[in-house]
Amino acid sequence: MLTMTNSGKSMKRSKKRIWSYRKSENFKAQYPHVIFEEPFVPERPSRFCKIEEFNLHSEKRGVDRKIFDEDLEQLRLEREKAMEECEKKQKEIEAKEIAELRKKTVHKANKIGEYKKQEYQDIS
């Protein structure tokens with residue numbers, strides 16, 4: 001059964017080939033009227049075309065990128081400034097704490113312990 005379907009397809013193909021071959025044998029040339037006619041010349045418009053200005057996407061993107069970079073730089077500077085202020089405040093707080101600790105930890109003299117009195121002998 002499979003062989004019959006394959007053979008049926010091949011018969012159709014062979015019939016098409018034969019038909020196209022016979023059709024090409026029946027070629028008849030037509031009268032060459034194009035040779036005797038004037039050639040085609042395109043008509044130019046009476047007025048010239050206007051050249052309009054155009055904007056490339058890359059130019060617009062460049063402008064947008066420049067604005068973005070400026071905003072990014074400004075944001076970076078603000079962050080740096082905030083960090084510097086934070087560090088400055090931290091240093092001030094530490095200096096105040098150190099000054100306060102120094103006030104609290106003033107050096108106090110210790111009592112001299114009581115020792116036995118030593119007697120000295122004259123050697124002369």
Side-chain angles (χ1 to χ4, degrees):
M1 187 170 203
L2 289 174
T3 55
M4 292 185 81
T5 56
N6 289 339
S7 63
K9 287 182 181 179
S10 62
M11 291 212 25
K12 284 183 181 179
R13 287 183 194 147
S14 61
K15 283 183 182 179
K16 280 186 180 180
R17 286 184 195 148
I18 292 170
W19 182 76
S20 64
Y21 181 72
R22 287 184 182 167
K23 188 175 179 183
S24 64
E25 285 180 350
N26 295 335
F27 175 75
K28 294 181 182 178
Q30 295 180 355
Y31 182 73
H33 62 87
V34 179
I35 296 174
F36 304 107
E37 294 178 359
E38 291 185 25
F40 173 75
V41 179
E43 295 180 18
R44 293 187 178 185
S46 60
R47 54 193 153 132
F48 293 104
C49 297
K50 287 184 179 180
I51 299 175
E52 296 180 5
E53 291 186 25
F54 57 92
N55 294 326
L56 296 176
H57 181 69
S58 59
E59 292 173 357
K60 182 184 177 211
R61 187 181 177 285
V63 171
D64 292 344
R65 181 64 187 196
K66 186 177 178 184
I67 292 170
F68 174 76
D69 287 340
E70 289 172 355
D71 292 343
L72 197 64
E73 182 67 20
Q74 184 179 4
L75 185 64
R76 186 185 64 81
L77 291 174
E78 288 176 2
R79 285 183 182 165
E80 285 180 2
K81 188 176 179 182
M83 290 293 289
E84 287 174 2
E85 287 179 10
C86 184
E87 288 175 3
K88 188 177 179 182
K89 286 180 182 179
Q90 187 67 28
K91 286 182 181 179
E92 288 177 2
I93 291 171
E94 287 177 3
K96 285 181 183 179
E97 287 177 356
I98 290 171
E100 193 174 315
L101 282 173
R102 285 188 177 178
K103 282 182 183 178
K104 287 181 180 179
T105 58
V106 172
H107 178 70
K108 296 180 182 176
N110 292 329
K111 268 185 162 182
I112 296 177
E114 293 184 19
Y115 300 104
K116 291 183 195 176
K117 286 190 178 181
Q118 292 183 358
E119 294 180 11
Y120 298 103
Q121 296 178 357
D122 284 332
I123 302 184
S124 46

List the residues meeting side-chain hydrogen bond (donor to acceptor under 3.5 Å, both in side chains) with H33, not counting sequence neighbours, and say none if there are none.
E37
Partners of R76 by side-chain hydrogen bond (donor to acceptor under 3.5 Å, both in side chains), sequence neighbours excluded?
E73, E80
Solution key, residues 60-72 side-chain donor-acceptor pairs under 3.5 Å, sequence neighbours excluded:
residue: R65; atom: NE; partner: D69; partner atom: OD1; Å: 3.4

Compile the donor-acceptor pairs under 3.5 Å between side chains in residues 82-106 and protein atoms, sequence neighbours left out, one pair per line.
residue: T105; atom: OG1; partner: L101; partner atom: O; Å: 2.6

The salt bridge (charged side-chain N to carboxylate O under 4.0 Å, His left out) partners of E114 (sequence neighbours excluded) come to none
Taking side-chain hydrogen bond (donor to acceptor under 3.5 Å, both in side chains) as the definition, give me every residue that meets it alongside Q30, ordered by chain and number, with sequence neighbours left out.
none
